[in-house]
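Encoded as structure tokens, the structure appears first; notes follow it.
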Amino acid sequence: MNPESKTGTVPLSIKKHAKGATKEAVAGYLFAAPAIIGFLVLTLYPMLASLFYSFHKITVMSGGQVMEWIGLDNFRYIFSNPGSEFKKSMTVTLVYAFINVALVIGFCLLVALLLNRKFLGRNMLRAVFFLPSVIPMLATTIVWQMLLQNQAKGGLVNWLLLQLNIPPIDFLTDPVHIFETLFIMSLWTCGGTIVVFIATLQDVPGELLEAIEMDGGNAWHKFRKVTYPTIKPVLFFQLIMCMMTSIQIYTQSVVLSRNGAPDRMTYFINVMIYDHSFVQVGMRGLASAEAWIVFLITMAITGILFYFQGALKKDDSMGTRKRVR
Amino acid sequence: MDASSAAVKYTSLKRAKSRTKAVKVLLILLSFLLALVFAFPLYWLLRGAFVNHAEILARPPVFFPGAPGFDNFRLGLERIQFLRQLWNSVSIVVPYVIGTVLTTSFAGYAFAKLRFPLRGLWFTLVISTMMLPSAVTLLPQYSLYTSMGLAGKPALIIPAFFCAGGNAYFVFLLRQFFMTIPGELSEAAKIDGAGYFRIYSRIMLPLIRPAMIVVALFSFINCWNEFFYTMIYLKTEADYTLPMGLYIVNGMRIPNYEQVMALALVVTTPCLVFFLIGNKYFVEGIALTGIKG
């Protein structure tokens with residue numbers, strides 16, 4: 001009623017409000033706790049521990065691990081010792097990853113564009129393309145192994161080649177052809193990306209496509225000016241995710257060959273780090289150093305991709321403005 | 001002259017139109033052909049599981065098994081400890097899926113609907129684990145689990161309860177879903193005196209049920225197909241999951257391909273069944289995780 005009591009109520013309501021906000025903050029932290037604890041304990045701590053390990057020589061004894069500080073020796077070994085397996089492994093992994101990403105993204109985009117037009121049976125086709133991506137990679141590898149091995153062992157593809165008078169291809173034992181096998185399997189299981197692209201293509205403004213058609217533009221013009229700018233953020237995200245999964249290829253390699261045969265061409269990073277960590281003795285420090293270099297390289301690649309995305313974005317936003325005018 | 005040029009233009013337009021129509025039909029044909037190529041390996045898996053030992057290597061190849069039977073399955077299953085491995089797989093998958101659905105929806109709700117200090121930072125950190133190569137955390141995680149006596153099945157299940165092991169993807173997906181729910185709904189409930197957990201369980205969860213189904217299906221598939229971590233944590237044959245049993249049989253000196261194919265089909269079947277049940281949810285879920293700009 002009097003001014004004093006009025007000023008008395010204001011802080012009270014603020015207090016009440018503040019109390020509500022605190023309550024919400026507590027609830028927020030409680031709900032997010034599993035994710036936050038998970039990040040701290042299962043990601044951040046292991047990453048730092050891994051970095052710490054990488055400066056050590058670790059010997060596994062019956063009682064546990066014995067750690068001996070050796071400074072940068074692991075890193076020195078990786079880069080300058082000819083016996084180091086890292087360089088070859090990283091090279092084949094990156095070569096595989098870059099080609100694979102280009103193939104997968106290009107192929108998925110093409111299939112998505114094919115399936116983007118409306119026709120009878122489109123949904124069924126979508127299911128067919130998606131289905132292989134849910135079956136275990138292990139089963140996928142075994143089936144394709146059956147299809148691609150030499151025809152005496154029942155390989156169908158080589159038998160077909162024989163019928164066509166084409167010399168058989170050593171898909172599984174030749175150091176170069178083995179990559180064809182890996183790419184085929186990778187394309188066969190990329191249905192998820194196809195589905196994402198199809199969903200994204202639905203957002204492409206039809207009026208703009210028609211406008212370009214009226215102006216006499218061809219399919220390429222339509223793609224370059226309208227479709228591509230619309231799907232670019234999704235394309236970019238898929239590119240990065242595909243890069244991450246490609247770098248971490250494991251199952252295909254160990255099912256198709258032991259120790260990365262032929263000629264260590266499939267001795268990918270994850271296979272090598274698994275070996276150094278759990279199969280070979282006394283290499284855990286080295287494995288940690290290798291893992292950290294892999295981490296830095298993937299960060300660099302992601303950073304470069306982000307940079308390019310940014311650079312292209314500037315260019316495109318200008319283009320959009322022009323078009324609107 | 002004017003009229004004739006117009007006529008020429010008209011016929012050329014007509015020709016162009018019929019040409020684009022032909023191109024369209026051709027493209028659709030191409031799609032079907034490609035789909036056929038995609039479906040073939042699955043058919044080959046099915047065929048491989050039902051042909052007999054002579055037929056699997058026969059030249060020319062046998063496309064349809066002469067006398068399809070379940071012998072390959074019987075013999076294949078005898079080569080692994082089937083019931084034991086099935087139980088191992090199931091006993092890992094079930095808690096894994098429950099943990100994933102629970103904790104990712106908690107986190108999704110918190111990051112979408114609740115205001116708390118550093119929310120944006122925590123969200124970014126949790127989501128960024130999607131882009132972390134698993135090799136970096138491998139050894140310390142292994143030591144951590146070992147020192148706590150959890151290196152084994154628990155090590156494969158625990159990450160699901162902490163939105164780890166690739167589950168950050170689901171946090172992101174569910175957050176997107178929670179964001180679409182209007183704030184008025186929870187405001188009204190709050191005025192009625194409901195607490196945050198009540199709002200989450202009674203109002204939010206029923207509304208995002210399709211998304212929860214998506215997460216459950218995906219985490220089932222992910223966990224069932226997991227191979228890298230099972231290789232690391234499951235050391236004794238008694239603990240092996242079905243995929244590991246299949247891996248062992250496939251790597252044997254005398255693999256008997258028809259039995260391997262039968263086993264591969266057995267390992268694949270749950271995924272196929274879940275795919276058929278949840279095709280719609282799968283496709284929607286995947287489309288949503290594409291991160292729309």
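Within every chain, numbering begins at 1; the chains are lettered A, B, ... in the order of the sequence lines, protein sequences first and strands thereafter.
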ask   = When rounded to the nearest 0.5 angstrom, what distance separates CD in B:Gln141 from CE in A:Met47?
value = 11.5 Å
query = Would you call the rings of A:Phe237 and B:Tyr169 parallel, tilted or perpendicular if under 30° counts as parallel and over 60° as perpendicular?
reply = parallel
inquiry  = Quick check on A:Tyr250 against chain B: is it the side chain, the backbone, both or neither that has a heavy atom closer than 4.5 Å?
reply    = side chain
task = Answer whether the closest heavy-atom distance between the side chains of B:Asn225 and A:Met137 falls below 4.5 Å.
result = no
inquiry  = Could you measure the distance from the CG atom of B:Leu34 to the CG atom of A:Leu110? Nearest 0.5 Å is fine.
reply    = 9.5 Å
inquiry  = Counting heavy-atom pairs under 4.5 Å with chain A, which one of B:Pro117, B:Ala164, B:Gly251, B:Ala58 comes out on top?
reply    = B:Pro117
Ring centroid separation B:Phe111 to A:Phe31 under 6.0 Å = no
Residue A:Ile301 versus chain B: region with a heavy atom under 4.5 Å = neither
request  = Identify which of A:Tyr45, A:Phe52, A:Phe130, A:Phe295 forms the greatest number of heavy-atom pairs closer than 4.5 Å to chain B.
outcome  = A:Phe130
task = Examine whether an atom of B:Pro60 lies under 4.5 Å from a heavy atom of chain A, and if so say whether it belongs to the side chain, the backbone or both; otherwise answer neither.
result = both
query = Which atoms form the tightest heavy-atom contact between A:Ala291 and B:Ala135, and what is the distance?
reply = CB-O, 3.5 Å
note = One should read off an interatomic distance between A:Asn270 CG and B:Leu138 CG, to the nearest 0.5 angstrom, of 8.0 Å
request  = Would you give the length of the straight line joining atom CE of B:Met131 to atom OG1 of A:Thr298, rounded to the nearest 0.5 angstrom?
outcome  = 10.5 Å
task = Go through the atoms of B:Tyr247 and report whether side chain, backbone, both or neither lie under 4.5 Å from a heavy atom of chain A.
result = both
message = So, taking the atom named CG in B:Asn250 and the one named CG in A:Leu138, what distance separates them when rounded to the nearest 0.5 Å?
response = 7.0 Å
inquiry  = Taking the ring centre of each residue, are B:Phe162 and A:Phe39 less than 6.0 Å apart?
reply    = no
Residue among A:Val143, A:Thr245, A:Val134, A:Ile273 with most heavy-atom pairs under 4.5 Å to chain B = A:Val134
ask   = For A:Thr43, is it the side chain, the backbone, both, or neither that has a heavy atom closer than 4.5 Å to a heavy atom of chain B?
value = both
ask   = Which answer fits A:Arg126, side chain, backbone, both or neither, if we ask what part of it has an atom under 4.5 Å from a heavy atom of chain B?
value = side chain
task = Might you confirm whether atom CZ of A:Arg122 has over 12 heavy atoms from other residues, nucleotides or ligands at distances under 6.0 Å?
result = yes
ask   = Does CG in B:Leu29 sit with more than 12 non-hydrogen atoms of other residues, nucleotides or ligands closer than 6.0 Å?
value = yes
Heavy-atom check, side chain of B:Met231 versus side chain of A:Phe278, under 4.5 Å = no
inquiry  = For a 4.5 angstrom cut-off between non-hydrogen side-chain atoms, does B:Phe40 reach A:Leu156?
reply    = yes
request  = Heavy-atom distances under 4.5 Å only: say whether B:Val267 touches chain A with side chain, backbone, both or neither.
outcome  = both
remark   = Interatomic distance, CZ@B:Phe228 vs CD1@A:Ile249, rounded to 0.5 Å, equals 12.5 Å
key: Side chain, backbone, both or neither of A:Val41 within contact of chain B (heavy atoms, under 4.5 Å)   = both
query = Under 4.5 Å between any side-chain heavy atoms of B:Tyr142 and A:Ser277, yes or no?
reply = no
message = With a 4.5 angstrom heavy-atom cut-off, is it the side chain or the backbone of B:Leu144 that approaches chain A, or both, or neither?
response = side chain
